[in-house]
Amino acid sequence: DWTGVKCTTSAISSSSKNSNVSSGNNHTTIGNNTAWYNWVLEREHYTSWQPFMDSLERQGISVGLYVTPYLEEIPMHLRSGRRYLFGEAKDDYFVKKMMKVKKKKNDATSGKKSKSKSKGGNDSISTERTTVATTTMYNHSKRTKCGMLDPTNHNAASWFKQVVKEEVLEYASASFWLADTSMGGPPMDGVFSCSSLNGNRDAPASASAGGLSFHNSYAEQWAKVNRDAIKEAGRDGDGFFIVNSAYGSTSKHAGCTSLGDHVANFHHDNGNILGSILNGIVNGGFSGLTHGHCAVNFAVPRQLSNAIGNSIDSKSREMICRWFEMTAFTTLFRTHDGDCGVNDNTIHNVSKGSGSSNSGGSNNMMSAYEDEVILKQLTKWSNVYVALSEYRLQLLNEASFKGYPVVRHPILHFPKDENFNGGGSNATKKKRGGSGGGDNGVPSSSASAFMLGDLVYVVPILKSGVVKSRVYLPEGGWIHLWTGEQVAGPHNIGKTIEVQAPLGEPPIFIRDVDMMHQFVALLKQKRVISRRTKKTTGRSSSSLFSSFRRRK
């Protein structure tokens with residue numbers, strides 16, 4: 001949950017205070033600090049870390065950190081007095097690469113033979129042999145040596161699990177972390193030992209797999225290393241981690257999956273950016289990834305900012321706010337710092353066709369943390385997310401014991417509804433609002449609808465400039481969250497309505513049940529809902545607000 005306090009540091013990586021750090025892609029720059037891929041809390045830099053953690057714990061605040069399978073060679077002058085993971089790791093702990101070495105021998109025992117004339121005129125036979133050797137593969141996006149952990153090597157996996165237990169869980173007192181593998185991903189031409197896949201610690205060197213065949217499986221092996229660290233530390237049920245890549249049995253190990261922290265905006269966009277994020281979360285639910293979400297990135301391309309005052313442009317502001325509205329109804333409500341502590345010499349332009357870009361350096365990106373509108377919306381949707389805590393806990397239990405995704409495609413609850421299962425004629429879909437267009441210039445957003453459990457129906461706004469929307473409501477009774485109006489009665493078999501959808505009030509509908517009564521009461525208490533219930537002639541008004549009484 002968002003704490004309301006901005007704290008952007010490199011708390012779990014080696015750092016060096018240096019105002020004259022040269023721009024380059026061999027490190028991550030955060031302000032005047034240089035963060036190296038050495039996942040150890042800086043004892044000297046964070047001298048009051050433990051008292052700080054104790055104070056957060058008393059406030060009920062959990063701390064999350066960042067870890068990747070990459071380990072970097074840090075400068076010699078920074079190694080003294082700190083744990084140096086790259087130097088501690090053995091050479092065979094890293095992913096390897098194949099190298100072909102050709103050798104020539106003057107014998108006729110084996111190999112490819114070729115005849116040649118010697119100086120004396122006599123024929124001699126030379127044998128050309130090609131041998132295969134392996135050497136550590138380093139990430140090419142880093143100027144210093146940066147190796148990638150081989151999770152299939154039993155000794156490497158055991159060592160890294162110990163690092164996580166000692167540095168992340170114990171010393172840093174973290175409750176969760178992002179186990180990131182997005183920096184280039186596992187190499188296609190890498191060589192993995194695979195000794196741990198079959199439980200064989202002493203597998204021969206020949207028991208290896210090429211990067212192409214193991215590329216996808218890396219995600220599940222990396223997740224297993226992190227999960228085992230939590231189990232061995234006795235923190236199962238008390239700690240979790242987030243992964244941003246998945247395959248096969250990842251869902252068995254990973255506590256939560258993330259679709260990354262994309263830098264996105266509404267420029268030249270037709271709903272595809274937020275739509276792709278939503279599709280990833282919903283489709284992941286079908287694949288067993290029950291705890292899907294996506295971090296809202298506060299980094300905005302500087303070339304999109306307003307020239308006067310260097311402020312956030314309106315379309316980027318709108319994108320971030322609409323992003324809040326969608327992710328508040330997922331498993332995690334998480335923001336990405338936006339201080340742009342990434343590769344400074346990497347220039348990422350916003351492509352005219354896609355309207356999105358990856359994080360660039362601090363000179364190319366600016367943060368949205370200082371924007372008042374965004375911060376107000378962040379506060380609002382944080383309160384919405386927290387108000388759903390009790391309901392979301394029920395959904396998390398269902399996910400654990402039954403495998404139901406927290407965020408669900410409506411077809412899971414309405415399998416016979418033609419608007420969700422792809423059946424029916426185009427005329428029927430258009431009549432019910434199932435198409436992507438709408439009448440009178442009012443867009444239909446029903447194609448992007450999703451459900452949080454079975455009690456909340458969300459139709460996020462994915463395009464810029466939308467103030468009202470045509471929404472298809474599936475079977476049963478539904479109450480409009482913002483007005484308290486009962487827009488569909490219990491005998492509803494599916495209908496299309498038009499609702500207001502200004503910024504901060506996307507189309508959200510709930511069932512008339514006690515759990516949702518409690519949700520609304522909490523929103524009123526936080527003044528998230530300020531409107532009174534509307535009463536319309538010929539339509540029964542909801543008793544949602546008046547009938548609810550908190551039990552003493």
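In what follows, every heavy atom counts, from backbone to side chain, and hydrogens, waters and symmetry copies are set aside. Since this is a predicted model, take the numbers as computed values, not measurements.
For S400, there are no side-chain contact (heavy atoms from CB on, under 4.5 Å) partners, not counting sequence neighbours. Taking Q377 as the reference, W381 meet the side-chain hydrogen bond (donor to acceptor under 3.5 Å, both in side chains) condition, with sequence neighbours excluded. In this view, K376 satisfies the side-chain contact (heavy atoms from CB on, under 4.5 Å) rule with no residue, not counting sequence neighbours. The side-chain hydrogen bond (donor to acceptor under 3.5 Å, both in side chains) search around E390 returns Q518, not counting sequence neighbours. Not counting sequence neighbours, F329 has no partner by the ring pair (Phe, Tyr, Trp, His ring centres under 6.0 Å) test. With sequence neighbours excluded, the residues satisfying side-chain hydrogen bond (donor to acceptor under 3.5 Å, both in side chains) with S245 are T181. Partners of H293 by side-chain hydrogen bond (donor to acceptor under 3.5 Å, both in side chains), not counting sequence neighbours, listed by chain and number: R334. Residues meeting the side-chain contact (heavy atoms from CB on, under 4.5 Å) test with A488, sequence neighbours left out: L473, W478, N492, K495. The ring pair (Phe, Tyr, Trp, His ring centres under 6.0 Å) search around F450 returns none, not counting sequence neighbours. Not counting sequence neighbours, K380 has no partner by the salt bridge (charged side-chain N to carboxylate O under 4.0 Å, His left out) test. The salt bridge (charged side-chain N to carboxylate O under 4.0 Å, His left out) test applied to D454 returns no partner, not counting sequence neighbours.
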- Message: Please determine whether side-chain contact (heavy atoms from CB on, under 4.5 Å) holds for the pair T290 and S251, giving the CA-CA distance in whole Å, both sets of side-chain angles, and the decisive distance to 0.1 Å.
- Response: CA-CA 8 Å; T290 57; S251 58; over 6 Å; no

- Go through V456 and Y391 one step at a time and tell me if the side-chain contact (heavy atoms from CB on, under 4.5 Å) criterion holds. CA-CA 10 Å; V456 182; Y391 176 54; 4.0 Å; yes

- Message: Before you tell me yes or no, could you show the steps for N383 and T379 under side-chain contact (heavy atoms from CB on, under 4.5 Å), namely the whole-Å CA-CA distance, both residues' side-chain angles and the distance that decides it to 0.1 Å?
- Response: CA-CA 6 Å; N383 286 326; T379 301; 4.0 Å; yes

- Query: Passes salt bridge (Lys or Arg N to Asp or Glu O under 4.0 Å), K315 versus E318? Steps please.
  - Reply: CA-CA 5 Å; K315 287 195 174 183; E318 184 183 8; over 6 Å; no

- Passes side-chain contact (heavy atoms from CB on, under 4.5 Å), R235 versus S175? Steps please. CA-CA 9 Å; R235 297 285 299 275; S175 297; 4.2 Å; yes

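Taken to the nearest 0.5 Å, the OG atom of S62 stands 9.0 Å off from the CG atom of L56. Here CD1 of I242 is found 6.5 Å from OG of S258. Values are rounded to the nearest 0.5 Å. With rounding to the nearest 0.5 angstrom, the CH2 atom of W482 is 6.0 Å from the CD1 atom of I529. The structure places NZ of K463 at 13.0 Å from CD1 of I273, a figure rounded to the nearest 0.5 Å. Atoms CE and CG, on M53 and L41 in that order, are 9.0 Å from each other to the nearest 0.5 Å. Atom OH of Y457 sits about 12.5 Å away from atom NE2 of H480, to the nearest 0.5 Å.
Within the 4.5 Å cutoff, side-chain heavy atoms of L378 are placed close to those of F333. The side-chain heavy atoms of F509 and I497, taken from C-beta on, include a pair separated by under 4.5 Å. Side chains of H517 and D512 form a contact here, defined as non-hydrogen atoms less than 4.5 Å apart. Contact check for H336 versus V296: no side-chain heavy atoms found under the 4.5 Å cut-off. Contact annotation: the side chain of L396 approaches that of H291 to within less than 4.5 Å [non-hydrogen atoms, C-beta and beyond]. Counting heavy atoms from C-beta outward, E325 and R322 have side chains that approach closer than 4.5 Å. No side-chain heavy atom of I479 sits less than 4.5 Å from a side-chain heavy atom of E485. For the pair F324/I374, a side-chain contact is recorded, criterion being any heavy-atom separation below 4.5 Å from C-beta on.
Considering all non-hydrogen atoms of both residues, R511 and G477 come closest at NH1-O, 2.8 Å. The nearest pair of heavy atoms linking I230 to L169 is CA-CD1, 4.3 Å. Summarising the geometry of T335 relative to A295, their closest heavy-atom pair is C-CB, 4.4 Å, with the distance given to 0.1 Å. Considering every non-hydrogen atom in both S448 and L278, the closest pair reads O-CD2, 3.0 Å. L481 and F519 make their closest contact through CD1-CE2, 3.9 Å (heavy atoms, listed as atom of the first residue, atom of the second, distance). The shortest heavy-atom contact between Y385 and T330 is CE1-O, 3.7 Å.
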N/O donor to acceptor pairs below 3.5 angstrom from side-chain atoms of residues 404-416, sequence neighbours left out:
{"from": "R408", "atom 1": "NE", "to": "P405", "atom 2": "O", "distance (Å)": "2.7"}
{"from": "R408", "atom 1": "NH1", "to": "H413", "atom 2": "NE2", "distance (Å)": "3.1"}
{"from": "R408", "atom 1": "NH2", "to": "E398", "atom 2": "OE1", "distance (Å)": "2.6"}
{"from": "H409", "atom 1": "ND1", "to": "I411", "atom 2": "N", "distance (Å)": "3.0"}
{"from": "H413", "atom 1": "NE2", "to": "G453", "atom 2": "O", "distance (Å)": "3.4"}

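Q59 places a side-chain N or O within donor-acceptor distance of the main-chain N or O of S55, the cut-off being under 3.5 Å.
Side-chain atoms of Y70 and D180 form no donor-acceptor pair, as typed in the model, at a separation below 3.5 Å. Remark: the S249 side chain and the E220 side chain contain an N/O donor-acceptor pair separated by less than 3.5 Å. Using modelled atom types, one finds a donor on one side chain and an acceptor on the other under 3.5 Å when comparing N226 with W177.
For E372, the CD atom is loosely surrounded, since the number of other residues' heavy atoms within 6.0 Å does not exceed 12.
The only member of V243, T257, I281 that meets side-chain contact (heavy atoms from CB on, under 4.5 Å) when paired with L289 is T257.
Taking the six-membered ring where tryptophan is involved, the planes of W49 and Y46 are perpendicular, since the angle between them exceeds 60° and thus also 30°.
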